[in-house]
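Heads up, the thing below is written out as structure tokens.
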Number of protein chains: 2
Amino acid sequence: MDNSQPVATDSPVLGIGIAAVERDTGLGKDTLRIWERRYGFPQPLRDAFGERVYPPEQVEHLRLVKRLMDQGQRPGALLRQPMADLGALVADGGATVGADDTADWIVPMLKARDIDPLRAELAQRLARDGLERFVIETVPALNRRIGDGWMTGEIEIFEEHLYTELVQNQLRSATHALASRGTRPQVLLTTLKEEEHLLGLLMVESLLAANGAACVSLGAQTPIADIVGAARATNTDIVALSFSAAYPWRKARDALIQLRAALPVATELWVGGAGLAGRGRKIAGVRAIGVLRDVAPALTDWHAAHPPRARH
Amino acid sequence: MDNSQPVATDSPVLGIGIAAVERDTGLGKDTLRIWERRYGFPQPLRDAFGERVYPPEQVEHLRLVKRLMDQGQRPGALLRQPMADLGALVADGGATVGADDTADWIVPMLKARDIDPLRAELAQRLARDGLERFVIETVPALNRRIGDGWMTGEIEIFEEHLYTELVQNQLRSATHALASRGTRPQVLLTTLKEEEHLLGLLMVESLLAANGAACVSLGAQTPIADIVGAARATNTDIVALSFSAAYPWRKARDALIQLRAALPVATELWVGGAGLAGRGRKIAGVRAIGVLRDVAPALTDWHAAHPPRARH
DNA sequence: CGCATTATTTTGTCCTGGACAAACGTGTGG
DNA sequence: CCACACGTTTGTCCAGGACAAAATAATGCG
């Protein structure tokens, strides 16, 4: 990552510095140091001036740990493990069925930086398979492939960003094309503060739009007060929120209760995303949508409960 | 920023923690602490447990300092200043002529999160003014307005991200629309490692494309070896790089010399961006483009030096 | 037995103060 | 006008201690 530019950050082949590890893995410097103190891992080398130098294998291992933590695992168990079959854990948590070689095509294109062909390929698959199948099957498979690639160091951060951006653009333009204002239900989509993953939200938005809902997206990280305000102002039927697995469960619960209380009773509150999937007990007045496939049925339910002419 | 969600990060009105300041200003925790030690500013309050609590005015001041540093100023001078007329310095460095109220419309739209109208507005201005005027006048004015807004705390980070993304999409689709492969010169655009600002590059790309050049963008943060490889593979006439003001001058110089040496002699090397604007002395075999307006003339020069039929 | 509340562990962030390398500005000589 | 050497400025890193927030386990209640 930092080689091939002999002047700066001289890290020939032995390893990289702590700042680079933070950049590559997303683990903070303090965290890296205290793991070393507490668990004995990682155990970086030291350069001439006593600064930590992390060998590539350790960085890779850290990436794996981070990935598992993003899936809800806790570091203590992971780091005490003799660095053995963590791959098995990945399979457990990530619902990786293994038959994901269908998404392998993305990697070489990304690595070759064939941006235009990549965009074209995505557009073509979207057109061929249809929006729903694209969102429910293709994109999750790609996400998994990219996630795995990042974990092994095969994919670099900015390549992941590039991928995310391209997919988001596809979804946005597709959604935009079939945007139908004025229909029901009117759905307000957004994400809570400190939750910045936009892709999941866009996927839901496109599914909703594909099923005839009128969507308004507030983007990410909207304060609760703003959500309530916007919902009131636009006479929203449903507020839909997305949580990534990294989002702390209790915070989500508290925020949802608070939001539910502040929202008009007629406004439904739907939540989804990996953060709520496994652990979620029910919260009164909040509808949890576990899988993308359940979006369309949920809309059907809504329509059943709200006969066309009964409004106003 | 962190209020309106009474449960988390309880910071009523007195101030915010050091992590939040890092997030808001982009200044590292270590930097904040050592400034306090060395220069006596900032001087945060302490909460019940001795942790730093930064009052809003200090955060705002820090934002201003950071902004000036991004324009090339050094902290020592800024922080010793009795926190007085730093605004004057902004005017000096940023070429802010003051008549920027033409860009004020962006702020309310951004704050209202009117995403679709905002996209439409940008698209309309692009169509009305033409790509060149849009890139040379409108976008820089908007950038300045957003930068100022961020500095004063008027604009939040994710709103800035949103803006950047929207403009980038406009530029990308506009450039894509008039892409003409096979014409000359063939230009390879990218950014060096550790330089991630993509907007400037996109602006240049669109200008080049508008003037008939065939552009290939490698995205941001390409290692030198990859640039050389791609240039060779695609038979590139010109390699164009962009540097933000924050990029260390010497690093840029060294990298450029190295790149110039590795590139075929027939391949020109063009550089631009605020990072090279003021201070740049000439480097042999590298063409510095100070202002966006100079892109078109540079292309004209190239055509003059390379008569249409002389190739191969 | 489900759900909420409290105790206990786990885990990340913050603190202080010291130290040095990289970046910068300046001055001198070619 | 440009290259190199020198002192200064400035950011990042280190160590070890400490506590708050999060997660888990244990407990009580309907």
Side-chain angles (χ1 to χ4, degrees), chain A residues 7-11 16-23 26-39 41 44 46-54 65-66 69 72-80 194 245-254 257 275 278-284, chain B residues 7-11 16-23 26-39 41 44 46-54 65-66 69 72-80 194 245-254 257 275 278-284:
Chain A
V7 185
T9 338
D10 54 4
S11 55
I16 60 180
I18 194 171
V21 176
E22 172 173 32
R23 190 162 38 70
L27 298 164
K29 297 190 239 286
D30 280 318
T31 305
L32 288 166
R33 284 193 274 256
I34 209 153
W35 280 6
E36 183 180 341
R37 210 198 301 174
R38 285 194 186 136
Y39 312 113
F41 182 88
R46 300 293 179 135
D47 68 3
F49 189 67
E51 305 200 340
R52 290 169 175 74
V53 174
Y54 294 83
V65 170
K66 163 73 168 165
M69 282 176 56
Q73 310 267 349
R74 301 186 65 197
L78 265 33
L79 291 170
R80 266 184 271 273
E194 287 158 340
Y247 205 90
W249 154 249
R250 291 179 198 219
K251 260 192 186 169
R253 199 194 57 135
D254 291 346
I257 291 172
R279 21 172 127 231
R281 292 98 156 203
K282 285 172 222 161
I283 302 174
Chain B
V7 184
T9 338
D10 53 5
S11 55
I16 60 180
I18 194 171
V21 175
E22 173 173 31
R23 189 161 39 69
L27 297 163
K29 297 190 238 289
D30 281 318
T31 305
L32 289 167
R33 283 194 273 257
I34 208 153
W35 280 5
E36 182 180 342
R37 208 199 301 175
R38 284 197 186 132
Y39 312 114
F41 182 88
R46 299 293 178 134
D47 69 3
F49 190 67
E51 303 198 342
R52 295 179 216 316
V53 174
Y54 295 82
V65 170
K66 163 72 168 165
M69 283 176 55
Q73 310 268 348
R74 302 185 65 193
L78 264 34
L79 290 171
R80 267 184 270 273
E194 288 158 341
Y247 206 91
W249 155 248
R250 289 176 198 221
K251 259 191 186 169
R253 200 196 55 138
D254 291 346
I257 291 173
R279 22 173 127 227
R281 293 95 157 201
K282 283 173 222 163
I283 302 173

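Each chain gets a letter, A, B and so on, in the order its sequence line appears, and its residues count up from 1.
- One atom, CD1 of Ile16(B), and another, P of dT13(C), lie 17 Å apart when rounded to the nearest Å.
- In this structure, CD in Glu36(A) is found 8.5 Å from CG in Leu32(A), a value given to the nearest 0.5 Å.
- Heavy atoms only, all atoms of each residue included: Glu22(B) and Gly28(B) are closest at OE2-CA, 3.7 Å.
- End-to-end axis angle for the helix from dC1(C)-dG30(D) to dG30(C)-dC1(D), using five pairs per end and rounding to 10°, comes out at 40°.
- The line from CZ of Arg46(A) to CZ of Arg52(A) is 4.0 Å long, rounded to the nearest 0.5 Å.
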List every contact pair, protein side and nucleotides 27-30 of chain C side both N or O, where the distance is under 3.5 Å.
none

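- For Glu51(B), the side chain to side chain donor-acceptor pair (under 3.5 Å) test picks out no residue, with sequence neighbours left out.
- In this structure, Tyr247(B) places its OH atom 17 Å from C1' of dC24(C), rounding to the nearest Å.
- Dashed line: the shortest gap from a side-chain N or O of Thr31(B) to OP1 or OP2 of dT12(D) is under 4.0 Å.
- Straight-line distance from the CG atom of Leu79(B) to the P atom of dG11(D): 8 Å, rounded to whole Å.
- Taking atom NZ of Lys29(A) as the reference point, atom P of dA15(D) lies 15 Å away to the nearest angstrom.
- Mapping Arg253(A) and Ala77(A) onto DNA chain C by nearest heavy atom places Arg253(A) at the nucleotide closer to the 5' end.
- Rounded to an integer number of Å, the gap from CD1 of Ile34(B) to P of dA19(C) is 12 Å.
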Output a table of nitrogen or oxygen pairs between the protein and nucleotides 8-10 of chain C separated by less than 3.5 Å.
from    : atom 1 : to       : atom 2 : distance (Å)
dT10(C) : O3'    : Arg74(A) : NH2    : 3.2

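- In this structure Arg33(B) satisfies the side chain to side chain donor-acceptor pair (under 3.5 Å) test with no other residue, sequence neighbours excluded.
- For the atom pair CD1 of Ile16(A) and CZ of Arg23(A), the computed distance is 7.5 Å after rounding to the nearest 0.5 Å.
- Under 4.0 angstrom from either OP1 or OP2 of dG25(C) there lies no side-chain N or O belonging to Trp249(B).
- A distance of 12.5 Å separates CG of Asp30(A) from CH2 of Trp35(A), quoted to the nearest 0.5 Å.
- Of all the heavy atoms in Lys29(A) and Ile18(A), the pair that sits closest is O-CD1, 3.9 Å.
- For the pair Arg38(A) CZ and dG16(D) P, the interatomic distance rounds to 14 Å; values are reported in whole Å.
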Polar pairs (N or O, both sides) under 3.5 Å between protein and nucleotides 15-17 of chain C?
from    : atom 1 : to       : atom 2 : distance (Å)
dC15(C) : OP1    : Arg52(B) : N      : 2.8
dC15(C) : OP2    : Arg33(B) : NH1    : 2.4
dT16(C) : OP1    : Arg46(B) : NH1    : 3.3
dT16(C) : OP1    : Arg46(B) : NH2    : 3.3
dT16(C) : OP2    : Arg52(B) : NH1    : 3.0
dT16(C) : OP2    : Arg52(B) : NH2    : 2.6
dG17(C) : N7     : Arg37(B) : NH2    : 2.8

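- Between Asp254(B) atom CG and dC4(D) atom C1' there is a gap of 13 Å when expressed in whole angstrom units.
- Of the inter-residue distances, the one linking Lys66(B) atom NZ with Thr31(B) atom OG1 reads 9.0 Å to the nearest 0.5 angstrom.
- Rounding to whole angstrom units, CE of residue Met69(B) and P of dT9(D) are separated by 15 Å.
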